[in-house]
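For reference, the structure is listed below as structure tokens.
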Amino acid sequence: MHNPTPLFSLLCFFLFSLFLGEEQHVVEGSRVWTFGFGPKMLFVFGDSYADTGNNRKALASSWKLPYGITFPGKPAGRFSDGRVLTDFIAGYLGIKTPVPYRYRKELGGRLKYGLNFAYGGTGVFDTPAPEPNMTTQIDFLQQLLNDSVYSKRALKTSVALVSLAGNDYSNYIATNGSTAGFPAFIGRVVNQMKVNLKRIHNLGVRKIAASALQPLGCLPRSTAQFSFEQCNESENALVGLHNQLLAQAVNDLNKETNSSSFFVLDIYNAFWNVFNQKQAHQGDSHNPILSFLTCTTPLNMKYLGFFAVSPTFVNPFEPCCVGVSAAFSCGSVDENGVKQYTLCSNPKSKFFWDTVHPTEQGWRAVYSTPALQSSLKQFW
């Protein structure tokens, strides 16, 4: 293994300092530490893309093997093999991942980092998931303010992540909603989202990121009919309408409040940044960024958002964990406890974990994209 000379190491450190400019971040694993003023708490609302363990164990696949096998090594309520969007955003902010609302009493010492109110399977409206919708999730924060667990003054140093990954639309389809009525329903969803965002702001949260809708037509549940080779473009067209209306709603909120408190977290283009990766860079000795990162490895810089190189995936639409038939899903077992799913040999090689959710490596790739890194800067 090559050991850099002291002069070379000094040069690397000098170059690193130049790249950082005024905003300095030091990465430790997936954790980003920020020097200077920054958010002190993160509040999370939404669904399975952000949930870190709120769903009831008896009801959610996220508490069954093989979920959680990468992190923390066992099922822990995340809809992935490991970390999810919330974990990466908390790391970017330099705070610990906020604990799930259901554990607020057992882990009271962690409340200073905020709370995660997101429940997998939920939407802005009621869905088949027997868990609190987004309005009720915001009610929980309101109650904590009423009970003086948090103060409005404390919330001035907080930010919020509001995740909406499409459960309202899945429910619309499942309940035989008409194609002709879909655009109007999208308008209803976004209008309710706007109400929710404004309410969170009125509670005192300083900055609020609303996630754009990911390309639903590219989820494995949609690409399976095309042998995981292409997306369903009609679904993605509806996603485009949702994201257009969401961007307008956020602009309207900023005008109404005469602020820049609201912004869209560009999950949509972040997913496409990953899907459009054509050439694997990892291990490329001719990649100057990777060469630079190699020399900074002793400083644990290799996951730095500024320089992060998105992992690439041979077939990004093909999931790692799937049911053996349409009657089963990832984590399913029969009455004898026999597995009714197949699992890929290496989750890091797959963007999607199951038919809906990214792997930890998939979320790492999304987090590393220019689209998401640019969005995240608006937290400051």
Side-chain angles (χ1 to χ4, degrees), residues 27-32 42 44 46-55 60-93 95-100 116 118 120 161 163 165 211 214 218-220 265 267 270-271 273-275 277 280-283 293 300-305 307-322 329-331 341-369 371-373 376:
V27 174
E28 197 170 289
S30 62
R31 181 88 189 271
V32 181
L42 171 64
V44 183
D47 47 38
S48 59
Y49 271 33
D51 184 7
T52 54
N54 272 316
N55 282 55
S61 61
S62 56
W63 288 102
K64 301 175 182 177
L65 284 171
Y67 287 82
I69 58 172
T70 298
F71 174 85
K74 61 181 180 180
R78 288 173 172 82
F79 288 82
S80 179
D81 65 307
R83 296 171 178 85
V84 296
L85 179 61
T86 298
D87 299 296
F88 285 94
I89 290 180
Y92 176 84
L93 298 173
I95 61 178
K96 292 185 177 181
T97 297
V99 299
N116 188 336
L161 165 65
S163 171
S211 66
Q214 77 278 21
C218 299
L219 301 184
L265 197 64
I267 297 293
F271 270 58
N273 284 169
V274 177
F275 296 156
Q277 286 275 80
H281 297 297
Q282 290 189 336
L293 291 177
N300 288 324
M301 309 287 197
K302 61 182 177 180
Y303 297 118
L304 188 63
F307 304 109
V309 179
S310 292
T312 56
F313 307 91
V314 175
N315 186 348
F317 305 138
E318 186 175 29
C320 176
C321 185
V322 292
S329 58
C330 180
Y341 61 88
T342 61
L343 187 66
C344 67
S345 59
N346 180 16
K348 288 186 177 181
S349 69
K350 299 293 186 180
F351 178 79
F352 281 108
W353 169 243
D354 55 23
T355 59
V356 176
H357 308 99
T359 58
E360 176 177 309
Q361 190 76 342
W363 278 122
R364 177 170 283 115
V366 167
Y367 170 76
S368 302
T369 59
L372 206 69
Q373 287 293 312
L376 290 171

Please test Gln373 against Ser368 for side-chain contact (heavy atoms from CB on, under 4.5 Å), starting from the C-alpha separation and ending with a verdict. CA-CA 7 Å; Gln373 287 293 312; Ser368 302; 5.7 Å; no
So do the side chains of [X] and [Y] get within less than 4.5 Å of each other, counting heavy atoms only?
X: Trp353; Y: Pro347; result: yes
X: Leu265; Y: Leu372; result: yes
X: Pro220; Y: Val356; result: no

Report the C-alpha separation of Ser329 and Val322 in whole Å, then their side-chain angles, then the decisive distance to 0.1 Å, and conclude whether the side-chain contact (heavy atoms from CB on, under 4.5 Å) test is met. CA-CA 5 Å; Ser329 58; Val322 292; over 6 Å; no
Which residues satisfy the side chain to side chain donor-acceptor pair (under 3.5 Å) test with Thr52, sequence neighbours excluded? Asn116
Partners of Ser62 by side chain to side chain donor-acceptor pair (under 3.5 Å), sequence neighbours excluded? none
Check the orientation of Phe271 and Phe352. Use parallel for under 30°, tilted for 30 to 60°, and perpendicular for over 60°. tilted
Provide the closest heavy-atom pair for [X] versus [Y] in the form atom of the first, atom of the second, distance.
X: Asp47; Y: Ala118; answer: O-CB, 3.7 Å
X: Ala365; Y: Phe313; answer: CB-CE1, 3.9 Å
X: Trp363; Y: Arg83; answer: CD1-O, 3.6 Å
X: Ala270; Y: Ala371; answer: N-CB, 3.6 Å

Phe351 ring center near Phe317 ring center (under 6.0 Å): no
Using distance alone, with no hydrogens and no angle criterion, decide if Tyr49 and Gln214 have a side-chain donor and acceptor under 3.5 Å apart. yes
Give a yes or no answer on whether the side chain of Asn55 reaches the backbone of Ala60 with a donor-acceptor pair at less than 3.5 Å. no
Drop me the distance from Asn315's CG to Phe275's CZ, to the nearest 0.5 angstrom. 10.5 Å
Ile267 side, atom CD1; Leu85 side, atom CG - distance, nearest 0.5 Å: 5.0 Å
Which atom pairs, one a donor and one an acceptor, fall under 3.5 Å between side chains of residues 66-80 and the rest of the protein, sequence neighbours left out?
{"unit_1": "Tyr67", "atom_1": "OH", "unit_2": "Asp354", "atom_2": "OD2", "d": "2.7"}
{"unit_1": "Thr70", "atom_1": "OG1", "unit_2": "Asp81", "atom_2": "OD2", "d": "2.4"}
{"unit_1": "Arg78", "atom_1": "NE", "unit_2": "Asp87", "atom_2": "OD2", "d": "2.9"}
{"unit_1": "Arg78", "atom_1": "NH2", "unit_2": "Asp87", "atom_2": "OD1", "d": "2.9"}
{"unit_1": "Ser80", "atom_1": "OG", "unit_2": "Gly82", "atom_2": "N", "d": "3.3"}
{"unit_1": "Ser80", "atom_1": "OG", "unit_2": "Pro358", "atom_2": "O", "d": "3.1"}
{"unit_1": "Ser80", "atom_1": "OG", "unit_2": "Glu360", "atom_2": "N", "d": "3.3"}

Given Lys350 and Gln361, is the side-chain contact (heavy atoms from CB on, under 4.5 Å) satisfied, shown in steps? CA-CA 7 Å; Lys350 299 293 186 180; Gln361 190 76 342; over 6 Å; no
I'd like to know if the two cysteines, Cys321 and Cys330, have SG atoms within less than 2.5 Å. yes
